[in-house]
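Beneath this line is the structure, given in structure tokens, with notes to follow.
Both backbone and side-chain heavy atoms feed into the values below; hydrogens, waters and symmetry mates do not. Labels below follow one simple rule: chain letters A, B, ... track the order of the sequence lines, proteins then strands, and each chain is numbered from 1.
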2 protein chains.
Amino acid sequence: VSSGNTGAIAAGGVILLGRIPGIDRPGLGAMLPVLNRPTLLMDVGGTVRCKPINLFQFAQMGSIYMKLFRNVENPSVRLLNMGEELTKGDEVISAARQLIENSDLNYQGYAEANDIPNGISDVIICDGFTGNVVIKFGEGLGELLKDQFKEEYANHLLPKVGLLFMWTAMKRVLGRFDWEKAGGSPVLGVNGTVIKVHGRSKSKAISYAILGAANFAEHNGVGRIREEIARGGAQ
Amino acid sequence: VSSGNTGAIAAGGVILLGRIPGIDRPGLGAMLPVLNRPTLLMDVGGTVRCKPINLFQFAQMGSIYMKLFRNVENPSVRLLNMGEELTKGDEVISAARQLIENSDLNYQGYAEANDIPNGISDVIICDGFTGNVVIKFGEGLGELLKDQFKEEYANHLLPKVGLLFMWTAMKRVLGRFDWEKAGGSPVLGVNGTVIKVHGRSKSKAISYAILGAANFAEHNGVGRIREEIARGGAQ
């Protein structure tokens, strides 16, 4: 369990622990606190540009992770794309879609980015560049809005009074999106358990991450991924 | 001025109007209502995957557009990347950075996605896949939060009272991010004026877009882009 630089952790994981045989590139996942359930977005910066096999293996590893770690029965998988139509995107996405469709994964189609916050899927697959942009943009938006309203509360009386009345409602809404409960970002495909927590994580988030890592190790997550890949992922 | 399908408008613009000579691919921009000033994000879906020359030409066209249409003196330009360090990203981004750096554009370095909402730059350049994901993810988050709080107001008395007290503060905060004032998304690089407004645009947004299109035509935006490209963009 580490809370340092993202790329360094993925690289360090590979160097220290080695790669699971058959895994072309490890994937760095992010548990997003979307509506009502966490979604595993993968990759979020481990592999900048992906080949179809990378996206396919992220889908395999992400599904196993959600099964073991989140107790999600038959996790749904979607590929992030610019639209729902099959003609959208490029050849890499199209080829990855065919690999995933022809596997035993629970593939549900493309996801558009506006559906991510609605909890449209247990696993959403994209290249590391796109995933990195998604999580950082979300963080940036959230922090900016928080800062803006904090300023209003500090400088004006009315919104401060209003905040008192809205407190329970805000708690209710924000409780549906608690990223600390999401429990850290797994690095999947390395030969051991690596869970990354956010650089700004409070102790609650870190304890969830440690629980998650213990759970993953206990359920032999690495072994399960290794087996799945070895048997060709039911392609 | 059109409010239909994004890709169709870019394609239609090229077919109907032709491409400006020297422009490899047209760019579809989105005026983002970020903090205190609009930012032109480009491309947002016209060109899915880009060559370095495409990103460079988006930077050229975007700068001209912001100069003419937004009256921004010497618009700042950044390339969207996964970090600020030069080693981040892939070869395409690195090569595009070198083209932009060696031009007379006001290049300020890479932008990370969390900086987009803060108004870090007048123009932010990325490939169409990434830009499309950014605007859709932002829309999705905004709508989800709006729906969540609407539900709270509808079902609980306290937050409804709180909303009354917070109304002016919310107006103040949201007024700093009014995307309707951003005035539509320009399609740049086609041989004429095409401005796309959002499918859900209200009349205010559409009227801003028409004003913008008129302004762009009046200032000979197409001619200026054509000249700039013809003289090699001071590479």
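Looking at every heavy atom in both residues, P117(A) comes nearest to F137(B) through CG-CE1, 3.9 Å. Residue K136(B) comes nearest to A113(A) through the heavy atom pair CB-CB, 3.8 Å, listed as atom of the first residue, atom of the second, then distance.
Of the inter-residue distances, the one linking R49(B) atom CZ with E91(A) atom CD reads 9.0 Å to the nearest 0.5 angstrom. Summarising the geometry, atom CG belonging to N114(A) is positioned 6.5 Å from atom CD belonging to E139(B); distances are rounded to the nearest 0.5 Å. Rounded to the nearest 0.5 angstrom, D90(A) CG and T47(B) OG1 are separated by 12.5 Å. Distance CD/E112(A) to CG/N132(B): 7.5 Å, rounded to 0.5 Å.
Both the backbone and the side chain of N81(B) come within less than 4.5 Å of a heavy atom of chain A. In this structure, chain A has heavy atoms under 4.5 Å from both the backbone and the side chain of L80(B).
A 6.0 Å sphere centred on CD of E84(B) holds no more than 12 heavy atoms belonging to other residues, nucleotides or ligands.
Applying the side chain to side chain contact (heavy atoms under 4.5 Å, CB included) test between L144(A) and each of L35(B), I116(B), V34(B) identifies L35(B) as the sole match.
Contact count against chain B (heavy-atom pairs under 4.5 Å) is highest for T130(A) among N155(A), D127(A), T130(A), V92(A).
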